[in-house]
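Reading through the structure tokens given below for one structure.
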Protein chains: 2
Amino acid sequence: MPPPGKTRPTSRDVAREAGVSQASVSLVMGGKWQGRISAPTAERVREAARSLGYRPNLAARNLRTGRTRTVLLVVPSLTTHFFAGVHTGAARVAAAHGFSIVLYPSPAGVGPARDPFASAPAALDGVLASSMAAQALTVLRGDRLPLVMLDSEPHTSPGAATVNLDIADGVRRVAGHLLGLGHRRFLHLRADVPSWTFGQRARALEARLAEARDATLATAVSPMTAEGGRAAVEAALTAPGPRPTAVVCDDDLLAVGAYKAARRLGLRIPRDLSVTGVDDQVLAVALEPELTTVRLDAELTGERGMEALLSVIDGRAPVTHDIPVDLVVRGSTAPPPPPLAAAP
Amino acid sequence: MPPPGKTRPTSRDVAREAGVSQASVSLVMGGKWQGRISAPTAERVREAARSLGYRPNLAARNLRTGRTRTVLLVVPSLTTHFFAGVHTGAARVAAAHGFSIVLYPSPAGVGPARDPFASAPAALDGVLASSMAAQALTVLRGDRLPLVMLDSEPHTSPGAATVNLDIADGVRRVAGHLLGLGHRRFLHLRADVPSWTFGQRARALEARLAEARDATLATAVSPMTAEGGRAAVEAALTAPGPRPTAVVCDDDLLAVGAYKAARRLGLRIPRDLSVTGVDDQVLAVALEPELTTVRLDAELTGERGMEALLSVIDGRAPVTHDIPVDLVVRGSTAPPPPPLAAAP
DNA sequence: ACGCTCACGTTATACGTAAAACGGAGGAGC
DNA sequence: GCTCCTCCGTTTTACGTATAACGTGAGCGT
């Protein structure tokens with residue numbers, strides 16, 4: 001269909017073919033010909049474009065309009081279930097508005113000091129950033145690009161919209177649930193990832209447990225892998241002193257490690273040990289027993305974030321969204337075993 | 001740092017500041033000033049650029065050079081473990097070469113008929129496409145863009161590189177492993193996804209089992225979810241006639257469903273039923289017992305694919321890569337239970 | 001018959017950059 | 001003293017599009 005000449009046809013070629021000016025082609029292809037171009041002429045242009053296989057040159061359009069209809073999504077890792085979901089939701093909204101998403105390739109975690117633009121990604125209209133420290137904000141704002149932060153440290157920068165996931169509340173409810181079951185000795189399995197969100201979870205757990213005056217909290221730190229979680233929990237559970245009866249994990253993936261540790265130590269879940277996670281991935285129901293966890297709606301987060309970003313790009317005032325978080329109680333939590341002293 | 005004037009500084013502004021021409025700025029910023037600009041002048045330009053906070057306008061550069069250093073990655077879904085890995089690998093290579101990746105937002109699976117360019121994504125230098133039918137190829141080739149296919153139907157199009165994952169071989173090895181254990185009645189849990197790769201798996205399994213003259217194969221089809229897999233397997237295992245002793249699943253996720261079905265039917269894995277998957281996700285080791293599965297190296301696939309694409313973009317001849325596939329034997333496979341007739 | 005509006009296009013320009021084509025000055029060679 | 005390089009830049013042009021500014025002829029009221 002395209003002419004044997006190797007270069008792509010331009011709007012001028014279409015204009016010549018249709019017997020109109022280049023400007024008319026631009027108007028018709030841009031869909032803004034209402035009352036400027038007659039219907040028959042518009043149809044002739046479209047026909048010419050079709051026969052030549054014309055496709056507008058996006059680079060030229062971007063230069064001319066100063067817009068690219070492309071946004072950057074900054075996430076630590078796509079292999080993390082949550083961020084993949086965020087992308088899915090964001091992509092859905094973006095596609096509906098004719099926007100493309102460029103993913104920032106973030107080598108091993110987005111630290112505060114990294115400059116997402118160092119590697120000069122494509123020309124952008126805005127940025128959607130996940131789990132960032134407030135400090136990173138200043139770097140990002142340096143470009144005065146529309147910016148939306150997801151599940152990130154609260155900040156006071158004007159003009160930046162945010163989408164909050166109240167994971168702290170989820171963690172509080174986990175703690176409340178376990179306290180209600182009678183647990184008093186807790187282990188927090190914390191992800192060894194320099195992301196604001198994990199610090200927030202730790203603080204929420206500490207605060208909630210502090211309310212119950214007799215609760216104790218130990219902390220184990222692990223890289224975000226099942227094997228790391230197993231090692232950390234196994235070490236913590238075999239340490240001297242009274243053993244924790246509940247393990248609160250920063251993520252479902254870490255909970256898998258807790259399950260493995262329990263199995264190796266001969267502890268049964270939930271009879272001997274209660275375990276909880278965060279995220280509610282497929283993993284949570286693959287485990288046996290199924291995992292009590294905090295459900296995060298990643299796709300909704302991505303959708304709301306992209307909506308907020310598009311609205312900032314369109315010049316509307318930045319808004320703040322809150323995404324609800326759910327406690328999903330399944331089979332991995334139960335009352336703690338009776339203290340040894342109480343045995344007959 | 002940027003001037004109070006709201007528009008971004010251009011190369012002309014930098015030129016004025018440094019007392020040189022715009023062309024010199026372009027040369028210096030482009031790094032091609034060897035022997036054309038003196039070192040002190042180049043330094044003066046860089047200093048001016050720094051003080052103004054100058055960043056080249058990518059849209060203008062793209063228009064001028066006809067290149068965008070941006071490629072499109074077409075995958076059915078990022079929430080699928082495998083494709084997230086492909087992206088990770090591809091992104092690593094892309095970043096190392098200063099390329100950005102745009103993800104094609106593919107609503108519910110990329111069918112052969114879909115045109116990835118219908119929604120006009122950003123200007124592109126090439127396309128990396130996963131699990132496509134050969135038919136889709138012609139659509140993609142319509143744009144004469146450099147193209148690399150991953151794990152896709154063999155084709156004869158000249159100029160398109162491919163990265164093959166020999167999953168068929170993996171499935172054959174699974175079948176051989178199970179036959180060796182003594183299994184003869186098989187159930188294939190097939191993913192209800194219109195992707196070439198799943199058809200290939202089915203054919204490979206059929207062919208391998210046909211070699212063992214006395215083996216029988218039933219097929220259950222399920223959407224790619226754990227719950228769907230459970231329902232399909234439960235139905236298949238309770239159907240009249242001799243019960244299969246081994247379930248070969250198209251994906252680890254479906255194997256989760258097989259585990260759940262087995263549990264509900266009171267069958268123990270692997271004593272009463274052997275189960276296998278494909279992919280070797282975290283899921284595989286989260287299951288109890290751990291899953292025997294075909295390991296796919298998604299990141300390597302993405303890396304090789306992106307390397308091949310970049311080399312085609314650079315005008316080198318397209319190459320074909322083969323990614324090795326491994327059978328990982330874990331605890332979910334064992335000899336079949338003795339036939340009832342053999343019981344005392 | 002004159003000006004006005006309206007419907008339908010066209011002409012001209014700018015976006016910011018890369019790079020080809022074009023000097024000018026200061027030596028080297030003879 | 002003349003040419004010829006070499007070094008260090010500059011001038012100029014083109015990329016393909018969107019859009020502001022500008023006709024132009026027909027219809028119409030007076």
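Here the structure is a predicted model, which means the values were calculated and not measured. Scope of the values below: all heavy atoms of this structure, side chains included, with no hydrogens, waters or symmetry mates. Protein chains get the first letters and strands the later ones, always in sequence-line order, with residue 1 at the start of each.
Here salt bridge (charged side-chain N to carboxylate O under 4.0 Å, His left out) pairs that include residues 23-32 of chain A, with residues two or more places apart or in two chains, number zero.
Contacts of A:T80 classified as side chain to side chain contact (heavy atoms under 4.5 Å, CB included), with partners at least two apart in sequence or in another chain: A:S77, A:F82, A:F83. In terms of the side chain to side chain contact (heavy atoms under 4.5 Å, CB included) criterion, residue partners of A:M29 (sequence neighbours excluded) are, by chain and number, A:V25, A:A49, A:Y54. For B:S24, the side chain to side chain contact (heavy atoms under 4.5 Å, CB included) partners are B:V20, B:S21, B:I37, not counting sequence neighbours. A search for salt bridge (charged side-chain N to carboxylate O under 4.0 Å, His left out) contacts involving A:R36 returns nothing, not counting sequence neighbours. Every residue meeting the salt bridge (charged side-chain N to carboxylate O under 4.0 Å, His left out) condition with B:D13, not counting sequence neighbours, appears here in chain and number order: B:R16.
With hydrogens and angles disregarded, a donor-acceptor distance shorter than 3.5 Å links the side chain of A:S152 to the backbone of A:L150. Although no hydrogens or angles enter the test, the distance criterion places a donor-acceptor pair under 3.5 Å between the side chain of B:R44 and the main chain of B:A18.
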Trace of the salt bridge (Lys or Arg N to Asp or Glu O under 4.0 Å) decision for A:E47 with A:R50: CA-CA 5 Å; A:E47 174 53 30; A:R50 204 172 307 123; 2.6 Å; yes
Pair B:Q22-B:S26, side-chain contact (heavy atoms from CB on, under 4.5 Å): steps then yes or no: CA-CA 6 Å; B:Q22 178 267 330; B:S26 180; 4.1 Å; yes
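Against DNA chain D, the stretch residues 37-47 of chain B makes heavy-atom approaches under 4.0 Å through B:I37, B:S38, B:T41. Scanning residues 26-34 of chain A for heavy-atom distances under 4.0 Å to DNA chain C yields an empty list.
The shortest heavy-atom contact between A:V102 and B:S100 is CG1-CB, 3.9 Å. Across all non-hydrogen atoms, the minimal contact from A:H321 to A:A308 is CD2-CB, 4.4 Å.
Where DNA chain D meets chain B (any atom under 4.0 Å from a heavy atom), the bounding nucleotides read 5' to 3' are D:dC8 to D:dG16. Using a 4.0 Å cutoff to heavy atoms of chain A, the contacted part of DNA chain C runs 5' to 3' from C:dC8 to C:dG16.
Here B:T65 lies in heavy-atom contact (under 4.0 Å) with sugar-phosphate atoms only. Counting non-hydrogen atoms under 4.0 angstrom, B:R61 reaches the backbone sugars and phosphates but no base. At the heavy-atom level, B:V25 lies nowhere under 4.0 Å from the strands shown. Within the nucleic acid shown, A:S24 comes within 4.0 Å of at least one base atom, counting heavy atoms only.
Proximity of A:V93 to A:F99: side-chain heavy atoms (C-beta onward) are nowhere separated by under 4.5 Å. Between B:I323 and B:V163, some side-chain heavy-atom pair lies under the 4.5 Å cut-off.
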Could you tabulate the donor-acceptor pairs under 3.5 Å formed by side-chain atoms of residues 65-73 of chain A, not counting sequence neighbours?
residue	atom	partner	partner atom	Å
A:T65	OG1	A:R61	O	2.8
A:T65	OG1	A:R67	N	3.2
A:T65	OG1	A:R67	O	3.3
A:R67	NH2	A:I313	O	3.1
A:T68	OG1	A:T70	N	3.4
A:T68	OG1	A:A123	O	3.1
A:T68	OG1	A:D125	OD1	3.3
A:R69	NE	A:G98	O	3.4
A:R69	NH2	A:H97	O	2.6
A:T70	OG1	A:T68	O	3.0

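Residue-to-nucleotide proximity on DNA chain D shows that, of A:R12 and A:R36, the 5′-proximal contact is made by A:R12.
At its two ends the helix from C:dA1-D:dT30 to C:dC30-D:dG1 runs along axes set 60° apart, each axis drawn from five pairs and the angle rounded to 10°.
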